[in-house]
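Structure, as structure tokens:
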Amino acid sequence: MPKAENGSAAAKTAETQDISKMTSRPLYGHRPVPEREIEMFKDAMKIERLLDGLQKNKDWKPFPGIEVRDRWADVAEDPALKMPVAAIIAVADRLLDEEIDPLTGTMYMNFMTNGDRTFYEESYFRRRYELSHLVIAECLTARGKYLPKIIDYLWEILGEVSWCVPAHNFAGQHDMVMFKRANPWKEDDPLPVPGDDYLDLFACETAATLAETCYLLRHTLLETVPSLYHRIHSEIDRRALQLLEGPKLYGWYLGRNNWTAWCSHNLLLAACYTVEDEQRLVSLALKLMVPMQRFFDTIEPSGACIEGPGYWVVSAGRLAGFVSLVEERFGVSLNAADNEKFRNFGQHILPLNIGGNLFVNFADGGLMLDLDQGLLSRYAGLIGSEQLASLVSEDIDRLAARKLANPGRARGRNDYARQFLVHLTRLLFWTPENRNAVPRTCDKSVWLADMQMMIARSDERPGTGLMLSAIAGSNDPEVNHHSHNDVGHFSVYLDGKPMIIDLGQGAYSRATFTETRYDMWHISSKGHNVPSVNELLQYAGAGAAARDVDYRHDGASSVLSLDAGPAYFSEPGSRRIQRRITFSHAAAEIRVDDEITLGEPLRRFMLPLHVSDRKITVQEDGSCRIAGENRTLVITPENLRVADVEAVEITDPRHLDVWGGRIFRICLAPADLATPRFGLTMHVE
């Protein structure tokens, strides 16, 4: 694979991070943020206020326990929850005759021995997903039908040697596993060091899942198996809370990304359920508010989430959960609704919706998303957003229908992680307050300045008409550790379906977050709709970013222009790879213009267009027709010709789930290299 002039630049190693400088640099510059928007948790970081709030909220009961039968009967009989309740019961019933997935030592070793994450994680996540459905099913019915199976799942999870998944338990193997010491006996030992588990996303998630299980089933467990109930509390304390209180540092303390919100919410939730000593609980809350404030500091004023929509779902949902927990358990108002940045972050996802459960999937984003329905519903309530509430409402029955159609064992982390117990409980008790039928609309032109993304539409209704997303951006993993080499990339959608695409997130492996990350074809610029110039691809590293970025919208059209030269040349000088993308709203037409200035002859130019699995026809006049479900996208090249239309076999498990067994690549070559200006016009028939 051809490289940029200076090759692929690896991110700085975690060991060089200075814990005293836990701040993140701004992306592309932004307006000064008022103090009231910065200090989200500052007023809550006061011992006396937290202690006083605990005293006033001694009877804190966020949800009804299994013994409160009238509340659970209300849930079971709520028409708005009919489908999700039926889906949960269907999954639980199916599990009664299933064996619990094994988790063996050799499965754990798989990550270090051959780089595979999936083999172990599938069973790990499925255990927690299945336990969660059994717990809710027992609460809904209270007949003891599911209790034996629940006990077995609890026993198996308690028996796991480590709650930390393999990809997060070895020094230097993941960019968020910072400050972890290497194995003292053998650096590549594929099993975890005793007593040195990393407090990762899923160790924290496991602690919260078990804590909420004990809370909901307290009456039943204490009546039938009190030893198990107390053992669970003891293991949560040993495997999670004591680690949090200990001297070890964890990468998510830096507050850089979704890890901080995800870990902090789960740990605070587990502590609120299990810690009786008020001073200890306050101490834990104070420790967690520090990284959460750092995380909030990294959010851009516009609310943009550079990690991608899938990671926004986690970040926003857990931020809302953390805010609610601080306010309700400790009686401290954070005035979230008055915080403009908090409001913007909560609504960031809305313009990214293509239609249904499809979202603009730049970087490590996934095209198809399951929303954190309960947590995001609470976010909608906190900021009074009917549009966000409506998006969540639409997602509830869609996901429930999918589970009802196939209540058997799903596959993949994203099928599971957003349906663990924390999500199911809040789905049932937090979404009814925000169920509504407000029609959703989107602005026809949106500019997300902090991430340099333009979104343009011919119709304000999601899922209707022609839609474009285009990004200037940066390939620097220090700006976004989920970045792809995609400066200048664009995607096109027709009537809510992807036509010209970004493959998005692949299945994670050991190599995904190492220096070879940008050699993967779907992460390389080779896998994006950007040109190779004299056989050079874009590179990753400091400075590999668009320059001279400009966005304009005059009502009739939206225009993004940029120079991608710095993403191809470490010292671009006067060399320019200029791209101008124009969306004409009334005409529903897209124009892409590329102009190359090198100071030397242009020898090679190739522009790939990646297309979902559709019928593609090349006409005699050189135009290309891509068949949609009801209409056709017509591409007319200028100074370009279709050199090839090749089928690309999909083998990545995650891409297979989203795109099926193949996509197509339309390869466009110059008609006249001596005139280094190339264009595409796209319209709908």
Side chains of [X] and [Y] only: does a donor on one sit below 3.5 Å from an acceptor on the other?
{"X": "Tyr379", "Y": "Asp372", "answer": "no"}
{"X": "Ser302", "Y": "Asp450", "answer": "yes"}
{"X": "Gln505", "Y": "Tyr311", "answer": "yes"}
{"X": "Asn258", "Y": "Glu307", "answer": "yes"}
{"X": "Ser132", "Y": "Gln419", "answer": "no"}

[X] and [Y]: which non-hydrogen atoms are nearest, and at how many Å?
{"X": "Lys403", "Y": "Ile88", "answer": "NZ-CG1, 4.4 Å"}
{"X": "Met453", "Y": "Leu352", "answer": "SD-CD2, 4.1 Å"}
{"X": "Ile501", "Y": "Pro498", "answer": "CG2-CB, 3.8 Å"}
{"X": "Leu369", "Y": "Arg418", "answer": "CD2-NH1, 4.2 Å"}
{"X": "Arg343", "Y": "Ala337", "answer": "NH1-O, 2.9 Å"}
{"X": "Gly366", "Y": "Arg654", "answer": "CA-NH2, 4.0 Å"}

[X] with [Y]: basic N within carboxylate O range, under 4.0 Å:
{"X": "Glu98", "Y": "Lys149", "answer": "no"}
{"X": "Glu212", "Y": "Arg426", "answer": "yes"}
{"X": "Asp459", "Y": "Lys444", "answer": "no"}
{"X": "Lys58", "Y": "Glu278", "answer": "yes"}
{"X": "Asp370", "Y": "Arg398", "answer": "yes"}
{"X": "Glu235", "Y": "Arg231", "answer": "no"}

Can you give me every donor-acceptor pair (side chain of residues 201-211, partner residue at least two apart or in another chain, under 3.5 Å) with its distance?
| from | atom 1 | to | atom 2 | distance (Å) |
| --- | --- | --- | --- | --- |
| Glu205 | OE1 | Trp262 | NE1 | 2.7 |
| Glu205 | OE1 | Asn266 | ND2 | 3.4 |
| Glu205 | OE1 | Arg318 | NH2 | 2.9 |
| Glu205 | OE2 | Arg318 | NH2 | 3.1 |
| Thr206 | OG1 | Tyr124 | OH | 3.2 |
| Thr206 | OG1 | Arg128 | NE | 2.8 |
| Thr206 | OG1 | Arg128 | NH2 | 3.4 |
| Thr206 | OG1 | Phe202 | O | 2.7 |
| Thr209 | OG1 | Glu205 | O | 2.9 |

Without swapping roles, check the side chain of [X] against the backbone of [Y] for a donor-acceptor pair under 3.5 Å.
{"X": "Gln387", "Y": "Thr441", "result": "yes"}
{"X": "Asn353", "Y": "Gly356", "result": "yes"}
{"X": "Thr274", "Y": "Ala270", "result": "yes"}
{"X": "Thr260", "Y": "Pro291", "result": "no"}
{"X": "Ser123", "Y": "Leu103", "result": "no"}
{"X": "Asp277", "Y": "Arg280", "result": "yes"}
{"X": "Gln373", "Y": "Asp395", "result": "yes"}
{"X": "Lys82", "Y": "Ala76", "result": "no"}
{"X": "Arg457", "Y": "Pro351", "result": "yes"}
{"X": "Ser234", "Y": "His230", "result": "no"}

Gap separating the CD atom of Glu130 from the CZ atom of Phe125, nearest 0.5 angstrom: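 That separation rounds to 13.5 Å.
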Thr220 vs Glu138, side-chain hydrogen bond (donor to acceptor under 3.5 Å, both in side chains): CA-CA, chis, key distance, verdict: CA-CA 10 Å; Thr220 300; Glu138 184 60 31; 5.7 Å; no
Please name all residues satisfying ring pair (Phe, Tyr, Trp, His ring centres under 6.0 Å) with [X], sequence neighbours left out, ordered by chain then number.
{"X": "His133", "answer": "Tyr129"}
{"X": "His423", "answer": "none"}
{"X": "Tyr493", "answer": "none"}

Set of residues satisfying side-chain contact (heavy atoms from CB on, under 4.5 Å) with respect to Ser162, sequence neighbours excluded: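 Only Tyr108, Cys164, Asn169, Pro192, Asp197 meet the side-chain contact (heavy atoms from CB on, under 4.5 Å) criterion with Ser162.
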Between [X] and [Y], is any pair of side-chain heavy atoms under 4.5 Å apart?
{"X": "Ile89", "Y": "Tyr146", "value": "yes"}
{"X": "Met40", "Y": "Gln293", "value": "yes"}
{"X": "Lys46", "Y": "Leu286", "value": "no"}
{"X": "Ile157", "Y": "Trp163", "value": "yes"}
{"X": "Asn57", "Y": "Arg329", "value": "yes"}
{"X": "Tyr273", "Y": "Cys214", "value": "no"}
{"X": "Met368", "Y": "Phe359", "value": "no"}
{"X": "Leu350", "Y": "Cys442", "value": "no"}

Proximity of Trp72 and Phe429 rings by center, below 6.0 Å: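 Yes - the distance between ring centres of Trp72 and Phe429 falls below the 6.0 Å cut-off.
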Centroid-centroid under 6.0 Å between Phe322 and Phe41 rings: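 Between Phe41 and Phe322, which both carry aromatic rings, the centre distance is below 6.0 Å.
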Set of residues satisfying salt bridge (Lys or Arg N to Asp or Glu O under 4.0 Å) with respect to Arg127, sequence neighbours excluded: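 Counting only residues at least two positions away or on another chain, Arg127 forms a salt bridge (Lys or Arg N to Asp or Glu O under 4.0 Å) with Glu156, Glu160.
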Stepwise side chain to side chain contact (heavy atoms under 4.5 Å, CB included) check, Leu217 with Val135: CA-CA 8 Å; Leu217 298 182; Val135 170; 4.2 Å; yes
Within 6.0 Å of NZ in Lys497, more than 12 heavy atoms from elsewhere: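 No, the 6.0 Å shell around NZ holds no more than 12 heavy atoms from other groups.
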Within 6.0 Å of CZ in Arg49, more than 12 heavy atoms from elsewhere: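 For Arg49, atom CZ is crowded (more than 12 foreign heavy atoms under 6.0 Å).
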Pair Met289-Leu50, side chain to side chain contact (heavy atoms under 4.5 Å, CB included): steps then yes or no: CA-CA 12 Å; Met289 276 190 261; Leu50 296 175; 3.8 Å; yes
Residues Arg117, Glu122; criterion salt bridge (Lys or Arg N to Asp or Glu O under 4.0 Å); working and verdict: CA-CA 9 Å; Arg117 292 181 59 159; Glu122 284 291 323; over 6 Å; no
Full working for side chain to side chain contact (heavy atoms under 4.5 Å, CB included) between Ile136 and Leu424: CA-CA 8 Å; Ile136 294 296; Leu424 296 182; 4.0 Å; yes
Verdict with supporting geometry, His348 and Leu448, side chain to side chain contact (heavy atoms under 4.5 Å, CB included): CA-CA 9 Å; His348 166 67; Leu448 301 174; 3.8 Å; yes
